[in-house]
Amino acid sequence: MPPTPPPPQTLVLGAGGFLGRWLLLELLGRGEPVAAAVRTTASGTALRAWLREHDTDPTPLTTVTADLTRPGLGLSPEDDARLGKVRDVHNLAARYQFGLTRAQAEPANLHGALHALHWSATRPQLRRLVHLSGYRVGRDPPPRHPLDPGTTDALYARLGAYEASKQLADAAVRVTAPRLGVPLTTVNPSSVIGHSTTGEAGQYLGLAQLVHQLHRGRLPLLPGTRRTFVPVVTVDHLARFLAAVPVHDRAPVAAHTVLDPTTPALPDLVALLATHLGVRPPRGLVPVPLVRRLPRALTGADPETLTFLSEERYDTTSADRLATAAGLTHPPLTPALHHWADRLVHDAFGARH
């Protein structure tokens with residue numbers, strides 16, 4: 001029989017996803033006893049194989065089958081008891097997909113966030129719940145009643161199901177956590193690219209779709225302006241940051257926007273990638289309002305992605321402070337972008353996965 005792993009002190013929800021795998025790799029590399037929530041036994045087996053491929057022994061890992069769409073995370077009594085000493089919970093679980101309906105997005109993204117929060121409140125040794133949002137989320141104080149039907153209906157109509165469900169989840173956990181006495185940190189990362197040295201990707205939406213169009217020669221015009229800013233962060237830096245949050249955050253509620261400040265404006269970012277890939281860059285820019293009015297068959301742009309094309313800049317003061325305290329620095333961005341673009345091409349932009 002395989003050895004029994006030590007009682008886990010950290011639970012990672014969404015452990016089988018792109019970000020979850022890299023966070024597990026970071027935590028296990030630090031010698032921390034960790035539990036991974038997976039949807040099926042087969043998912044747990046695949047996760048352990050991935051860890052071995054990345055030179056990490058999965059023996060100390062506890063795996064539990066969970067369903068965030070259900071109260072109590074859908075855990076069996078036995079698995080719930082195995083997690084009795086968990087002090088840190090990372091909720092990285094979400095259904096990341098554009099074009100969803102509200103009924104498809106809400107169970108995992110909104111209800112799942114609240115189920116994770118309520119379950120965390122039952123842990124007697126809880127130190128912190130870390131909830132992953134996004135850099136366009138949580139910049140304003142949440143309303144007292146974030147799930148008011150009038151508010152939610154308008155948000156879904158304006159943003160689409162994925163982004164609306166994430167915004168509502170962020171607001172709901174920030175309002176509810178203090179009521180339950182749960183120490184909470186929301187981490188709001190920018191667009192996550194691959195590993196800084198291997199380029200290993202894992203998600204092929206968002207900015208990766210733009211690179212795909214560029215590589216295929218189907219990006220004659222770039223939506224936005226010369227100042228449009230779509231910041232990025234490498235997955236390995238984000239994993240190190242997430243692992244450091246429970247160690248350094250002490251406030252009852254904290255929030256951090258994590259992005260690489262050296263990210264160039266979007267036209268320059270795309271030009272850099274075009275040069276590296278040896279393809280022609282876009283010939284010009286087209287205003288986002290015009291793109292919204294044109295047929296999607298003509299522009300190739302998913303309407304939900306257009307909300308990310310903004311000239312806004314983002315306050316990273318608190319994240320920078322924590323990174324300094326934890327001794328973290330962003331890896332050099334240009335080589336990381338090159339490695340990521342190469343890996344996207346190698347993976348046929350997800351077709352080989």
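- Every residue two or more places apart in sequence or in another chain that forms a side chain to side chain donor-acceptor pair (under 3.5 Å) with T59 is listed here: D57.
- A donor-acceptor pair under 3.5 Å is formed between the side chain of R48 and the backbone N or O of L61.
- How far OG1 of T185 is from NE2 of H90: 9.5 Å, rounded to the nearest 0.5 Å.
- Residues satisfying the side-chain contact (heavy atoms from CB on, under 4.5 Å) criterion with T176, sequence neighbours excluded, are L114, L117, H118, L180.
- Applying the side-chain contact (heavy atoms from CB on, under 4.5 Å) rule to E26 yields the partners R30, A239, R240, A243; only residues at least two apart in sequence or on another chain are considered.
- Using a 4.5 Å cut-off on side-chain heavy atoms (C-beta onward), T228 and V288 make no contact.
- Here the side chains of T275 and P281 are not in contact, with every heavy-atom distance at 4.5 Å or above.
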How far apart are the C-alpha atoms of V235 and L19, what are their side-chain angles, what is the distance that settles it, and do they pass the side-chain contact (heavy atoms from CB on, under 4.5 Å) test? CA-CA 7 Å; V235 69; L19 302 179; 3.8 Å; yes
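- For H330 (side chain) and L259 (main-chain N/O), a donor-acceptor pair under 3.5 Å exists by modelled atom type.
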Worked verdict on R136 versus Y314 for side-chain contact (heavy atoms from CB on, under 4.5 Å): CA-CA 9 Å; R136 302 274 299 162; Y314 307 91; 3.0 Å; yes
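- Taking the ring centroids of F349 and Y204, they lie at or beyond the 6.0 Å cut-off.
- Hydrophobic cluster membership differs between L328 and V232, with clusters built from Ile, Leu, Val, Met, Phe, Trp and Tyr side chains linked at under 4.5 angstrom.
- Shown here are the ring pair (Phe, Tyr, Trp, His ring centres under 6.0 Å) partners of H131, two or more places apart in sequence or in another chain: there are none.
- In this structure, CG in L51 is found 6.0 Å from CG in L25, a value given to the nearest 0.5 Å.
- Defined by atom type and a distance below 3.5 Å, a donor-acceptor pair is present between the side-chain atoms of H256 and S318.
- Using a 4.5 Å heavy-atom cutoff, the side chains of L126 and P183 are in contact.
- Atom OG1 of residue T62 and atom CD of residue Q9 lie 11.5 Å apart, to the nearest 0.5 angstrom.
- In this structure, CG in L207 is found 13.5 Å from NE2 in H212, a value given to the nearest 0.5 Å.
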Evaluate the side chain to side chain donor-acceptor pair (under 3.5 Å) criterion for residues H115 and D67: first the C-alpha distance (whole Å), next the side-chain angles of each, then the deciding distance (0.1 Å), finally the verdict. CA-CA 10 Å; H115 291 156; D67 181 355; over 6 Å; no
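- Residues L129 and V173 have side chains not in contact (no heavy-atom distance under 4.5 Å, counting atoms from C-beta outward).
- In this structure, CG in D315 is found 8.5 Å from CG in D320, a value given to the nearest 0.5 Å.
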Stepwise side-chain contact (heavy atoms from CB on, under 4.5 Å) check, L242 with L132: CA-CA 9 Å; L242 289 167; L132 194 80; 4.2 Å; yes
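- With sequence neighbours excluded, no residue forms a side chain to side chain donor-acceptor pair (under 3.5 Å) with T324.
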Residues 37-47 side chain polar contacts: donor-acceptor under 3.5 Å, at least two apart:
| residue | atom | partner | partner atom | Å |
| --- | --- | --- | --- | --- |
| T40 | OG1 | S43 | N | 3.0 |
| T40 | OG1 | S43 | OG | 2.8 |
| T45 | OG1 | T41 | O | 3.2 |

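- Screening residues 42-79 for ring-ring contact (aromatic ring centres under 6.0 Å, His included) gives W22-W50, W22-H54, W50-H54 as the qualifying pairs, with residues at least two apart or on separate chains.
- With hydrophobic clusters built from ILVMFWY side chains whose heavy atoms lie under 4.5 angstrom apart, V253 does not share a cluster with L322.
- For the residue pair P282 and V270, the shortest heavy atom distance occurs at CD-CG1, 3.7 Å.
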Trace of the salt bridge (Lys or Arg N to Asp or Glu O under 4.0 Å) decision for D170 with K166: CA-CA 6 Å; D170 180 272; K166 290 295 288 181; over 6 Å; no
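- One distance of note links CG of L222 with CG of L269; it measures 9.5 Å at 0.5 Å rounding.
- Considering only residues two or more places apart in sequence or on other chains, A325 meets the side-chain contact (heavy atoms from CB on, under 4.5 Å) condition with H248.
- Partners of R102 according to the salt bridge (Lys or Arg N to Asp or Glu O under 4.0 Å) rule, which considers only residues two or more places apart in sequence or in another chain, are E106, D153.
- Judged purely by atom type and a 3.5 angstrom limit, Q104 uses its side chain to pair as donor or acceptor with the backbone of T101.
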List the steps, then state whether side-chain contact (heavy atoms from CB on, under 4.5 Å) holds for W119 with L11. CA-CA 11 Å; W119 182 86; L11 172 66; 3.6 Å; yes
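- Scored by the ring pair (Phe, Tyr, Trp, His ring centres under 6.0 Å) test, F229 finds no partners at all (sequence neighbours excluded).
- Not counting sequence neighbours, the partners of R123 by the side chain to side chain donor-acceptor pair (under 3.5 Å) test are D80.
- For the salt bridge (Lys or Arg N to Asp or Glu O under 4.0 Å) condition, the pairs that include at least one residue of residues 266-283, sequence neighbours left out, are R226-D268.
- In this structure a side-chain-to-backbone donor-acceptor pair under 3.5 Å is present from R21 to G16.
- Formation of a donor-acceptor pair under 3.5 Å by the R250 side chain with backbone atoms of V247 is found in this model.
- Although no hydrogens or angles enter the test, the distance criterion places a donor-acceptor pair under 3.5 Å between the side chain of S76 and the main chain of D79.
- Heavy-atom neighbours of R70 CZ from other residues, nucleotides or ligands within 6.0 Å: at or below the threshold of 12.
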